[in-house]
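The next block holds one structure in the form of structure tokens; read it before the comments.
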2 protein chains.
Amino acid sequence: MKRREFLTGAAAATVAAGAVAGSARAEGNPEVKWRLTSGFPKSLDTIYGAAEVFSKYVSDATEGKFQIQVFAAGEIVGTFQAADAVKQGTVEMSHTAGYYYVGMDPCFAAGAAVPFCLNSRQQNAWLYHGGGSELYNAFLAKHKIYSLPGGNTGTQMGGWFRKEIKTLEDLKGLKMRIAGLAGQTMAKLGVVPQQVPGGEIYPSLERGTIDAAEWVGPYDDEKLGFYKVAPFYYYPGWWEGGLSLHFFINTDKWAELPPHYQAIVTAAAAAANVDMLAKYDAKNPKAIQSLVAAGTQLRPFSTEIMQACYAAAHELYAEISATNADFKTLIDSIIAFRDQEYLWFQVAEYSYDNFMIRGRKK
Amino acid sequence: MKRREFLTGAAAATVAAGAVAGSARAEGNPEVKWRLTSGFPKSLDTIYGAAEVFSKYVSDATEGKFQIQVFAAGEIVGTFQAADAVKQGTVEMSHTAGYYYVGMDPCFAAGAAVPFCLNSRQQNAWLYHGGGSELYNAFLAKHKIYSLPGGNTGTQMGGWFRKEIKTLEDLKGLKMRIAGLAGQTMAKLGVVPQQVPGGEIYPSLERGTIDAAEWVGPYDDEKLGFYKVAPFYYYPGWWEGGLSLHFFINTDKWAELPPHYQAIVTAAAAAANVDMLAKYDAKNPKAIQSLVAAGTQLRPFSTEIMQACYAAAHELYAEISATNADFKTLIDSIIAFRDQEYLWFQVAEYSYDNFMIRGRKK
């Protein structure tokens with residue numbers, strides 16, 4: 001009886017007896033203790049915090065009987081080992097960004113963010129009601145992972161640059177801290193992608209070891225002080241129009257949970273999902289103003305650069321799809337969904353925001 | 001011991017005994033049965049469905065012990081009586097749009113949608129992390145209501161018009177089915193707001209008893225066939241940039257719930273919140289295309305009309321604020337929050353959507 005493995009003491013005996021006898025004593029909330037490895041440091045309190053929000057919902061909903069302890073990246077395993085730790089059962093679950101694991105398979109990025117695809121609302125629509133989570137989980141099952149959407153950052157910024165980037169020529173040879181499919185896209189335009197851990201970005205930019213770095217958005221970026229050493233803050237981060245974080249759960253551990261615990265975890269993940277984006281949306285406005293007040297110079301990527309990156313990203317998708325059938329299934333679904341979404345978003349949603357941003361000022 | 005009132009049989013005795021003795025038998029999931037009156041008919045499966053999604057989460061999380069039965073508008077009380085039914089304790093809770101109750105107090109609209117204010121993400125940011133829910137609940141407590149955000153439609157459409165509306169002159173004398181603060185705003189520009197129940201909109205438009213009507217958006221509007229009798233479909237619905245639905249719960253009934261049931265209800269409401277918007281976002285794209293294929297003519301409100309409505313809405317806010325201190329507190333908070341939000345949204349979010357809508361086509 002596998003269920004015994006994660007139950008302790010009297011609760012385990014009670015549930016085991018109940019499962020056999022079908023008695024009323026099988027009901028209620030058995031004690032379960034899980035470990036969650038976050039893909040993020042505690043300093044990213046908004047993303048890291050989403051795992052704590054989730055864990056608190058689960059604990060509160062079970063009278064403290066289902067405890068999920070949250071560990072920061074590096075406390076058990078590092079960011080890039082989190083998916084494998086879930087796969088191996090080292091931890092029961094993780095809260096992380098799928099695209100960190102493109103080294104294992106580029107499909108991992110599909111549920112998180114791929115360049116020039118879905119914004120945050122469209123991510124939720126695709127995942128919850130566009131067949132996205134089903135497709136993503138069909139792929140993840142090969143790695144013994146079951147996923148639930150668990151947060152979103154909204155459209156991220158394009159990052160910090162020591163010099164202005166005006167033309168495609170300015171991208172050639174640029175050493176930029178940027179990873180995954182975004183790095184591979186940039187590489188097609190001559191950028192030299194660099195892997196630099198969060199804590200080393202600032203000194204690398206200061207020394208000029210790198211010329212540019214992307215991180216998240218105003219609220220997180222301000223804390224790291226990049227504006228002091230790289231004054232040009234570009235937008236938008238076209239490689240993550242709406243990054244979805246996910247809870248990754250080991251499929252065996254998931255199957256062992258009583259159905260009502262599965263329901264609680266599912267609702268808590270969705271609650272953490274909407275909560276995290278709301279927190280970013282509440283915190284970013286002050287941060288962008290404070291960054292500008294401190295001398296940050298906001299710059300949009302030129303249409304020429306955006307269009308070249310758009311073409312490069314879709315070239316990359318075709319290349320990966322040629323040898324990776326799962327990726328082709330996922331990216332075809334995302335792109336078809338995106339094209340439908342923007343047909344609609346341009347009507348009511350975009351025209352409302354457009355008026356609120358530009359029209360009402362006149 | 002009030003808790004007994006909503007518990008039945010053995011479970012009630014167990015919890016009551018537990019509450020006194022603090023014994024282990026107080027734990028677990030007592031039987032609770034609640035009734036929820038939806039503000040919507042079953043035909044609006046996306047909005048009405050959010051209450052069912054919520055109810056299922058609560059039932060599943062409690063092994064079926066906490067049952068919340070969902071009734072469509074009119075089965076117990078009608079849409080416009082739902083808030084009062086919660087206040088009086090006729091039902092334990094409702095799922096509805098606060099702005100239906102501006103007749104009781106215009107403050108009811110503040111948590112739902114007020115013209116030219118927040119889009120859907122900004123609504124969540126204000127409610128969850130901008131002090132919005134605290135302010136809204138401080139007001140609602142006077143009506144014995146505790147609220148939790150429970151869904152969003154996104155920016156709605158501006159509605160169906162039998163004739164084109166090109167200038168402010170065209171609004172004068174226009175009989176439009178539009179309610180609440182939006183109706184009062186329109187009235188300042190000469191529109192004659194009409195109260196017409198959903199089922200009577202079509203025949204009223206057909207007969208010409210009314211000249212225009214707003215409902216929700218493509219997915220819901222298509223079902224009612226308005227395009228056959230009023231071909232001009234205007235956008236955006238500036239009176240609801242992101243309508244938040246709410247769960248309204250009687251404060252006494254809320255206080256009686258065990259803390260872990262409160263946690264489950266809170267998580268389930270948040271889960272229903274993100275789920276409902278995702279469902280609309282997944283369903284609207286096909287509907288707008290099908291409406292256009294059937295002959296619907298999309299028209300944006302002119303900037304002149306938008307600006308005049310914007311000014312009229314803010315004039316209305318000043319008038320109501322002069323005699324209603326609660327409304328002034330709420331609207332001042334919303335407007336200050338909105339102005340900060342759009343400073344940020346215009347950077348990464350808006351420029352990303354702008355490129356995806358316009359730039360990538362070139």
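If you're wondering where the values come from, they're calculated on a predicted model, not measured in any experiment. Lettering follows sequence order; numbering is per chain, from 1.
Of the listed residues B:G64, B:G217, B:A263, the one with more heavy-atom pairs under 4.5 angstrom with chain A than any other is B:A263. If you tally non-hydrogen atom pairs under 4.5 Å between each of B:K56, B:Q156, B:K286, B:Q340 and chain A, the highest count goes to B:Q340. In terms of non-hydrogen atom pairs under 4.5 Å with chain B, the most contact-rich of A:P218, A:A61, A:C117 is A:A61. Ranked by heavy-atom pairs shorter than 4.5 Å toward chain B, the options A:W238, A:Y57, A:Y128 are led by A:Y57. When each of B:L298, B:V265, B:T266 is scored by its heavy-atom pairs under 4.5 Å with chain A, the top score falls to B:T266. No other option in B:T62, B:N273, B:D60, B:L343 has as many heavy-atom pairs under 4.5 Å with chain A as B:D60. Contact count against chain A (heavy-atom pairs under 4.5 Å) is highest for B:A278 among B:A278, B:P300, B:A270. Of the listed residues (B:A267, B:S120, B:G237, B:A271), the one with the most heavy-atom contacts under 4.5 Å to chain A is B:A267.
Contacts of B:L118 with chain A are made by backbone atoms alone, with heavy-atom separations under 4.5 Å and no side-chain atom involved.
With A:P285 as the fixed residue, the side chain to side chain contact (heavy atoms under 4.5 Å, CB included) test singles out one of B:W344, B:Y342, B:F345, B:F337: B:W344.
In terms of modelled atom types and a separation under 3.5 Å, the side chain of A:E349 and the main chain of B:T155 share a donor-acceptor contact. Remark: side-chain polar atoms of B:E63 are paired, donor with acceptor, to backbone N or O of A:G28 under 3.5 angstrom.
From A:N354, atom CG reaches atom CE of B:M306 across 9.0 Å, with rounding to the nearest 0.5 Å. Note: B:D281 CG to A:N124 CG = 8.5 Å, rounded to the nearest 0.5 Å. Considering NE2 of B:H260 and OG of A:S59, their distance stands at 11.5 Å, rounded to 0.5 Å.
Counting only heavy atoms from C-beta outward, the side chains of B:N119 and A:M356 never approach each other to under 4.5 Å. Inter-residue side-chain proximity for A:Q346 and B:R358 is flagged as met; some heavy-atom pair is nearer than 4.5 Å.
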Q: Take B:D275 and A:H129 through the test side chain to side chain contact (heavy atoms under 4.5 Å, CB included) and record every step on the way to the result.
A: CA-CA 8 Å; B:D275 185 78; A:H129 291 287; 2.9 Å; yes

Q: Given salt bridge (Lys or Arg N to Asp or Glu O under 4.0 Å), test B:D353 with A:R121 step by step and report yes or no.
A: CA-CA 11 Å; B:D353 285 341; A:R121 273 176 51 180; over 6 Å; no

(Q) Applying ring-ring contact (aromatic ring centres under 6.0 Å, His included) to B:F355 and A:F116, what does each step give before you reach the verdict? (A) CA-CA 9 Å; B:F355 177 79; A:F116 295 106; 5.6 Å; yes

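Ring centroid separation for the pair A:Y350 and B:Y350 comes in under the 6.0 Å cut-off.
Minimum heavy-atom separation, A:S351 to B:Y235: OG-CD1, 3.3 Å.
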